[in-house]
Each structure stands twice: as structure tokens, then as C-alpha cells.
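By convention here, the first residue in the shown sequence is residue 1.
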Amino acid sequence: MELLNDMALFVEVVKVRSFRRAAEALGMPNSTLSRRISGLEKAIGLRLLHRTTRKLELTEAGQLYFDRCKRIVEEARLAHEQLGEMLAQPSGLLRVSMPVDFANVYLAPLIAEFAGNYPGISFDFDLTPRQVDLVSEPVDVVIRMGEPATSNLIARKLTTLRRGLYASPGYLQRFGTPRQPSDLVKHECLRLRTPRPDNWILSTAGETIEVEIAGRFQLNSVGMLRRLAMLDQGIAVLAEGIAAEDLASGALCRVLPQWQSNSIAVYALTETRLLPAKTQRFIEFLRERLVDA
């Protein structure tokens, strides 16, 4: 059991690349943690970490040991927790990275409901579009829109968002209302930064076309895209749920309502399939509630 505990300590140190941060997360003195890892190296007979004043680096043996230990520790923790679920509800800190606009519109009420169902779970949310490294950063699950950029992570589909074209009444009054997709080439189109930002794919009644568009604004924030559309700056592609309130208030109008932009899938990404109960329940809850998003 002591060996397994030391393996878990080693995995934590490698994940955060710091004895000090690992010791703080584990609630133990830095000196004790360092001594335990040194004892582990002596027991194995190989150096696992290169220690410098600035950073920690894995040796070749350390990388191999980490890859094996991580799975062993995860399986042991999962087995222990699954037995514990027979006596208590999931608990602990759940750390989630998610895009701010999707979180505000779709997830906020669901998170409130989930928190009420599981009072033993506390939350740490990082609302950002940046690429999170699930191996080295202390994050349990990442929520992202669009197909995953890497196949190294476990992706669980949560929902698919329908999207349409929207503009403000002021913009349409000044520049006219497009009657067909080819009219978009004459308009200011607000472009989300994607691999192909100058093309929109539109579909209707079984027909799908690709339209070349142009515009002065290109950005990576759906919230800013929505605000610029409301400020008469152009036509934007938005998820129907994100535009619903502005559509109801008259701040935005649907453009080419018979056409839809390509839908976008939303995924929960994790490093492993071996999830603690708090993470597993959270993902399952979102999949159930977001089915009709």
C-alpha cells in the first residue's frame, strides 16, 4: 500500500511539475513529499526526475514510470470511489473548463440544478476558449464546441446546436435584407475564427451550399460576435439558443430564415475513461439535459 501511495504522490508531482504546488494540493509538507519521492527512486534504483531550481523534468525512466503509474493510480482511485458510492454521494472539487458564452446561456441553469443534487461537490470553473492540457493542468473535464482537435482525448458528445444567420434591424435598414445566400457576398459578415473563416455552409430542404463571405471583423468570441451584430456591424452566425432572447426583444432579426448554418457539436473531453464519480455524474447529467438544446 505504501508503494501505491508513493506512486500517487509521484503522479501528482509530475502533473503540476512542482513539488511545492503538489505538496499544497496534497496538504503535506514539501520536505515530506520530496523525501517520499527520493525514497521511491532509491527503491526502484533509477532516477525519475531531474531537479533544478527552475523546473522539474522527467528522465526517460521517469516518463515510462509515469505512464504506467498514472493508469494504476487512476484505477485504484476509481475502484475505491466506486465502493464508497454505496455509502455516500459523490464529493470533492470538480474542475471544468468551458467556453464562456455557451456556459452562460446553456450551462448556468443546469449547473445550478446539478449543484443542488450533489451538495458534496464544489466547483472550480475556467471560462475560456484556450486549449487546456488535461495531462499537465488540474482540470477534470473540458467542454468544447466543434470537433476535437486531437484524438488523444476521450470525447463524449453532449449535444448539437442548431445555428442561423442574424443581424440587427438597424443594419438591415441601412444595407438591405439578403434574399438568397449569394447576396451575402455584398454584406459585412462577422466571421468566427475557424480553419475556413471566409466560407459559410448553409442548408435548406436537403440542399447544402458553401458561400464565400467577407467582412472586416474576425474574432474568437461568440459573445463579441453577438454584440457586434446588435450594434449594426454585420450579419453573424449564432446558435439559436444564444440568439433567442435578442430575437424575442427585437434586437436581432433572423436573416434567410429558410436557411440554416451547419450545426455544431458540443463535446466533453477527458484524459481517460476512468472517471471519478463527480466527473462521471456531471457529464451524464449534461448529456441528459442538453439533448434538446
Side-chain angles (χ1 to χ4, degrees), residues 4-5 7-17 21-22 24-27 66-100 102-104 106-160 265-291 293:
L4 181 59
N5 289 336
M7 290 166 64
L9 298 179
F10 172 71
V11 168
E12 188 67 24
V13 169
V14 174
K15 281 186 173 182
V16 299
R17 286 295 200 277
R21 291 200 299 270
E24 290 174 353
L26 294 165
F66 172 73
D67 292 340
R68 299 290 181 86
C69 287
K70 182 174 63 172
R71 182 161 295 277
I72 292 170
V73 170
E74 287 172 347
E75 290 179 348
R77 184 180 294 123
L78 184 62
H80 181 79
E81 187 175 41
Q82 285 178 335
L83 291 176
E85 282 187 61
M86 298 174 65
L87 300 175
Q89 285 194 332
S91 61
L93 177 64
L94 179 63
R95 296 162 295 194
V96 187
S97 173
M98 48 193 170
V100 59
F102 180 75
N104 285 334
Y106 292 95
L107 296 186
L110 301 183
I111 289 169
E113 182 183 352
F114 181 81
N117 293 343
Y118 299 99
I121 298 178
S122 55
F123 303 89
D124 183 354
F125 294 143
D126 176 24
L127 275 62
T128 173
R130 70 182 180 86
Q131 294 296 320
V132 174
D133 188 345
L134 280 164
V135 176
S136 62
E137 298 186 53
V139 177
D140 298 304
V141 59
V142 175
I143 309 297
R144 285 294 176 265
M145 302 171 69
E147 297 300 320
T150 175
S151 60
N152 296 330
L153 300 176
I154 307 302
R156 297 168 176 83
K157 190 174 181 180
L158 299 178
T159 189
T160 300
V266 182
Y267 289 90
L269 306 176
T270 60
E271 182 196 2
T272 176
R273 297 185 187 277
L274 301 172
L275 300 177
K278 60 183 179 182
T279 308
Q280 186 174 336
R281 295 281 180 87
F282 183 67
I283 294 174
E284 290 172 353
F285 180 86
L286 294 184
R287 292 181 77 173
E288 292 173 1
R289 295 299 195 275
L290 287 171
V291 64

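Counting only distance, with no hydrogens or angles, the side chain of Lys157 and the backbone of Ala265 share no donor-acceptor pair below 3.5 Å. Under the 3.5 Å distance criterion, the side-chain polar atoms of Arg281 are left unmatched by any main-chain donor or acceptor of Lys278.
When all heavy atoms of Pro90 and Ile121 are compared, the closest pair comes out as O-CG1, 3.5 Å. Contact between Gly116 and Pro119 at its shortest, heavy atoms only, is O-CD, 4.0 Å. Minimum heavy-atom separation, Thr159 to Leu290: OG1-O, 2.6 Å. For Leu269 against Ala155, the heavy-atom pair with the smallest separation is CD2-CB, 3.5 Å. When all heavy atoms are compared, the tightest approach of Leu153 to Glu271 is CD2-CA, 4.1 Å. For the pair Tyr267 and Gly146, the tightest heavy-atom approach, listed with the atom from each and the gap, is CD1-O, 3.4 Å.
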Applying side-chain hydrogen bond (donor to acceptor under 3.5 Å, both in side chains) to Arg156 and Thr270, what does each step give before you reach the verdict? CA-CA 8 Å; Arg156 297 168 176 83; Thr270 60; 2.8 Å; yes
ask   = Should Arg95 and Asp140 be marked as a salt bridge (charged side-chain N to carboxylate O under 4.0 Å, His left out) after you check the CA-CA gap, both sets of side-chain angles, and the distance that decides it?
value = CA-CA 5 Å; Arg95 296 162 295 194; Asp140 298 304; 3.5 Å; yes
Q) So Leu275 and Leu78, side chain to side chain contact (heavy atoms under 4.5 Å, CB included) or not? Walk me through it. A) CA-CA 7 Å; Leu275 300 177; Leu78 184 62; 5.8 Å; no
Q. After noting the C-alpha distance and the side-chain angles of Ser97 and Arg144, does the key distance pass the side-chain hydrogen bond (donor to acceptor under 3.5 Å, both in side chains) rule?
A. CA-CA 8 Å; Ser97 173; Arg144 285 294 176 265; 2.9 Å; yes
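With sequence neighbours excluded, the residues that form a side-chain contact (heavy atoms from CB on, under 4.5 Å) with Arg77 are Val73.
By the 30° and 60° cut-offs, the orientation of the rings of Phe123 relative to Phe282 is tilted.
In this structure the side chain of Arg68 never reaches within 4.5 angstrom of the side chain of Met7, judged on heavy atoms. Considering only heavy atoms from C-beta on, Val96 stays 4.5 Å or farther from Val142 through its side chain.
Side-chain atoms of Arg71 and Thr272 include no donor-acceptor pair closer than 3.5 Å.
For the pairing with Met98, the side chain to side chain contact (heavy atoms under 4.5 Å, CB included) check across Ile111, Val266, Val141, Asp126 returns one residue only, Ile111.
To the nearest 0.5 Å, the span separating CG on Leu26 from CG on Leu9 amounts to 6.0 Å. Rounding to the nearest 0.5 Å gives a distance of 12.5 Å between CD1 of Ile283 and CD of Glu288. Note that CD1 of Ile143 and CZ of Phe125 are 9.5 Å apart. Values are rounded to the nearest 0.5 Å.
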